[in-house]
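Down below is the structure, laid out as structure tokens.
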2 protein chains.
Amino acid sequence: MNVGTLLFIPYRAMESEVMAALAAAGHGELTLAQARVFQRIAPGGSRPTDLADQAQVTKQTVGVLVDQLQRAGYVRRVPDPTDGRARLVVFTELGLEACVVANSRVEEIEALWAERLGPERMTALRDALTELRTLTDPYLDDPG
Amino acid sequence: MNVGTLLFIPYRAMESEVMAALAAAGHGELTLAQARVFQRIAPGGSRPTDLADQAQVTKQTVGVLVDQLQRAGYVRRVPDPTDGRARLVVFTELGLEACVVANSRVEEIEALWAERLGPERMTALRDALTELRTLTDPYLDDPG
DNA sequence: CAAGGTCGTCAGATTCTCTGACCAAATTGT
DNA sequence: ACAATTTGGTCAGAGAATCTGACGACCTTG
């Protein structure tokens, strides 16, 4: 089986688990597309352009999804003090709650995987994927 | 960085590279959504239902995408001799050509990754991902 | 300070994907 | 053997996600 597909399967499983956990915690209105932007927001806020680069969609798409997240109360847009053109997407209280739910589930899944593989192989997996970023992460090129 | 995201990055990179190779080889009309179904067609043909399970979309979506692939000349639908309800999606000549292009590029990328990680770690990566399928692959549950 | 680049948004169109309903064929249970 | 249920595929319609192109506001460079 090709490695692309082997990457897809656990990636998608992780996504599904987190979406299910969010829905179970009352965040069922969050869509997968919204979550793919939401999960990339930095603790101190992120620019739409950065979110677009990381999620690998256009900034227009991010704009639409951030609109939705804002209307649903998960994020706010604030001016970027360092750049008059830019705005920062930041979490609201509700957004932080969703974050906690999502991150907890991620940790649980990772623990499950580590249990399956053993700690050494899990670490090796993480390290290998991290190293591949130098070849595969388009966002690695210029961000701070 | 969470493992889900670490999986996403190379997964997406592989996809992009293959799509670019296909476009360069004259298969630029293939869309990403079509390719995600196309790549899962078995050499002897696949049922739409199986493709849907593997690609993790509904069978209706697969139906639409197979229609498009068929109109573009990449696949054909033939009756499944073992089940009167079912039809098999099979490659045409053109489809096989695209397959060769895609698979060659996949091999090149995998070689590049193996070069980066070294053969042992690349094998370990593949083995770990394969083992995670027992926890993460919904398609593993029932298929023949 | 002029020229060019970047950030975000608006507008419009296309593509993708889903839910619900349906028929035909296979499978199951009686 | 046959009714009931399940499974495979399609049709129809709606909704969501995504893209391209154009634009004004602001930053950066020379």
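In what follows, chains are A, B, ... by sequence order, proteins preceding strands, each numbered from 1. Every heavy atom of this structure was used, including side-chain atoms; hydrogens, water molecules and symmetry mates were not.
- The CD atom of B:E131 sits 13.0 Å away from the CH2 atom of A:W113 when rounded to the nearest 0.5 Å.
- B:P81 and B:L88 make their closest contact through CD-CD1, 4.4 Å (heavy atoms, listed as atom of the first residue, atom of the second, distance).
- DNA chain D lies under 4.0 Å from at least one heavy atom of each of the following residues of residues 76-86 of chain B: B:R77, B:R85, B:A86.
- In this structure the side chain of A:Q70 never reaches within 4.5 angstrom of the side chain of A:V89, judged on heavy atoms.
- Counting to the nearest Å, the P atom of C:dC7 and the CG atom of A:L51 are 12 Å from each other.
- A heavy-atom distance below 4.5 Å is found between the side chains of B:M19 and B:L32.
- Listed by residue number, the members of residues 13-44 of chain A with any heavy atom below 4.0 angstrom from DNA chain D are A:T31, A:A33.
- When the C1' atom of D:dC19 is taken as reference, atom CD of A:Q56 falls 15 Å away, rounded to whole Å.
- In this structure, A:T58 does not reach the D:dT18 phosphate: none of its side-chain N or O atoms is under 4.0 Å from OP1 or OP2.
- Residues of residues 59-71 of chain A having a heavy atom closer than 4.0 Å to DNA chain C, listed by number: A:K59, A:Q60.
- Using a 4.5 Å heavy-atom threshold, the side chains of B:V18 and B:L22 count as touching.
- Between B:V106 and B:Q39 the shortest side-chain heavy-atom distance does not fall below 4.5 Å.
- Looking at A:E110, its side chain does come within 3.5 Å of a backbone N or O of B:V3 through a donor-acceptor pair.
- Follow the hydrophobic side-chain contacts under 4.5 Å out from A:L129 and you reach A:L112 in the same cluster.
- For the pair A:T136 and B:R12, the minimum side-chain heavy-atom distance is 4.5 Å or more.
- Here the closest non-hydrogen pair linking B:R87 and B:P48 is O-CD, 3.2 Å.
- A close approach under 4.0 Å does not occur between any side-chain nitrogen or oxygen of A:T49 and OP1 or OP2 of C:dT6.
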